[in-house]
Amino acid sequence: MATFGNLTDRLVDTFKNLRGKGKLSPADVDGTVREIRRALLDADVSLDVVKDFTSKVRERALGDEVSKALNPAQQVVQIVNDELVAILGGEARRIQFSKNPPTVIMLAGLQGAGKTTLAGKLAKWLAKENHTPLLVAADLQRPNAVTQLKVVGEQAGVPVFAPEPGNVGAEDAAPSRGFFGGTVGNPVKVAKDAMKFARDKQYDVVIVDTAGRLGVDQELMKQAADIRKAIDPDEVFFVIDAMIGQDAVATAKAFQEGVDFTAVVLTKLDGDARGGAALSVASVTGRPIIFASTGEGLDDFEPFYPDRMASRILD
Ligand code: GDP
């Protein structure tokens, strides 16, 4: 994966130095752990996560895990793999569908993170899985956001509930004139109205796109928190651009405090920036990564599997 290309090369080189060795000496282990530490830090993985990671790898590599099938070098690779899976959240996480539909999924994150695009991807994917999703445009901050969601909804073949007349992708989804005027500018009301509409029309998943700013900002966070309170979503996905770099951890913590998200979506994994900071997010917040977005097209999207990602990083 392009995002982790450099990290992969560094780790693979480190492991190469262990090849052909018999039992590893403490000095071998320390040298290896030091290289892993540097590679992770250079990839922008956060310092706390790196410290924890390397101390676990060191402890296990020096311990007496015995495997007849693996030589010492392979054992180190195995340990690094296991610990990578652990920081990426361990088990794969799937959407927790409500027993009492609609299942409500709210999207939160900074502007440009890829929320609106993700809304379309998620909607298309859910529709393919025989769900009946409704997209909701509760991002009224950016003039273009509603239009953008409509375009995405049309591409996905999924209706969009929007605070203006005629803004919907399906004839019967028209919230009509009642939503014009008063509702514009009040995303909490739009979200609430959308919930009622979804229940009446029996959509089984509601995906609510919310506003983002370039930086974390109190007003934005309050708005997102108000929407969360009003619609009581089953899931809140924190959408984060894997290319954001060192700000990832602070941003994730701010959103965790602000909207208490239930899972993380990593976007732009197709980019070539160092993606390590995003890898820290699950570990730092204790919230698993649920989906990965890998391009601008609506099909560039996949459920996230920590074990597959770890293997990709190590290959
Ligand atoms: P929002 O402000 O959070 O709603 O972000 P948008 O959905 O508008 O996305 C911002 C930009 O990033 C757009 O140009 C998208 O096409 C682009 N984008 C979104 N997801 C991805 C992705 O996974 N990979 C790439 N390369 N671009 C993406």
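Start at 1 and go down the list; that is how both ligands and their atoms are numbered.
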(message) Against ligand 1, does Asp270 come closer than 4.0 Å with any heavy atom?
(response) yes

(request) Measure the distance from atom 22 (C) of ligand 1 to every protein heavy atom, then report the residue, atom name and distance (to 0.1 Å) of the closest one. (result) Gly295 O, 3.1 Å

(request) Would you indicate whether the side-chain heavy atoms of Leu149 and Asp139 approach each other to under 4.5 Å? (result) no

(message) Quick check on contacts: which atoms of ligand 1 are under 4.0 angstrom from a heavy atom of Gln148?
(response) 6 (P), 7 (O), 8 (O)

(request) Report, as yes or no, whether the 6.0 Å neighbourhood of atom CZ on Arg37 holds more than 12 heavy atoms from other residues, nucleotides or ligands. (result) no

(message) Tell me whether the rings of Phe301 and Trp125 are parallel (<30°), tilted (30 to 60°) or perpendicular (>60°).
(response) perpendicular

(request) Return the residue, atom name and 0.1 Å-rounded distance of the protein heavy atom closest to atom 5 (O) of ligand 1. (result) Gly114 N, 3.0 Å

(request) Can you sort out which atoms of ligand 1 are near Ala113, meaning under 4.0 Å from one of its heavy atoms? (result) 3 (O), 5 (O)

(message) Taking ring-ring contact (aromatic ring centres under 6.0 Å, His included) as the cut-off, I'd like each qualifying pair that reaches into residues 88-119, sequence neighbours left out, listed once.
(response) Phe97-His131

(request) Give every residue pair that meets the side-chain hydrogen bond (donor to acceptor under 3.5 Å, both in side chains) criterion with at least one member in residues 106-118, sequence neighbours excluded. (result) Thr116-Asp209

(request) Specify the protein heavy atom at minimum distance from atom 4 (O) of ligand 1: its residue, its atom name, and the distance to 0.1 Å. (result) Thr116 OG1, 2.7 Å

(request) Among all protein heavy atoms, pick the one closest to atom 14 (O) of ligand 1 and tell me residue, atom and distance. (result) Glu296 OE1, 3.7 Å

(request) Please check if the side chain of Asp44 supplies one atom and the backbone of Gly245 the other of a donor-acceptor pair under 3.5 Å. (result) no

(request) Just jot down the ligand 1 atoms closer than 4.0 angstrom to any heavy atom of Thr294, in number order. (result) 23 (O)

(request) Search all heavy atoms of Gly114 against all heavy atoms of Val239 and return the closest pair with its distance. (result) C-CG1, 4.1 Å

(request) May I ask you to test the Phe161-Asp193 pair for a side-chain heavy-atom distance under 4.5 Å? (result) yes

(message) Can you report which non-hydrogen protein atom sits closest to atom 10 (C) of ligand 1, along with the distance?
(response) Gly112 O, 3.7 Å

(request) Among all protein heavy atoms, pick out the one at the shortest distance from atom 19 (C) of ligand 1; state its residue, atom name and that distance to 0.1 Å. (result) Thr117 OG1, 3.6 Å

(request) For atom 11 (C) of ligand 1, find the nearest protein heavy atom and state the residue, atom name and distance (0.1 Å precision). (result) Lys268 NZ, 4.0 Å

(request) Report the part of Leu110 in contact with ligand 1, treating N, CA, C, O as backbone and CB onward as side chain, heavy atoms under 4.0 Å; options are side chain, backbone, both, neither. (result) backbone

(message) Does any part of the side chain of Arg93, heavy atoms only, come nearer than 4.5 Å to the side chain of Arg287, both counted from C-beta?
(response) no

(message) Please list the nearest protein heavy atom to atom 3 (O) of ligand 1 with its residue and the distance rounded to 0.1 Å.
(response) Lys115 N, 2.8 Å

(message) If we only consider heavy atoms of Gly271, is any one of them less than 4.0 Å away from an atom in ligand 1?
(response) no

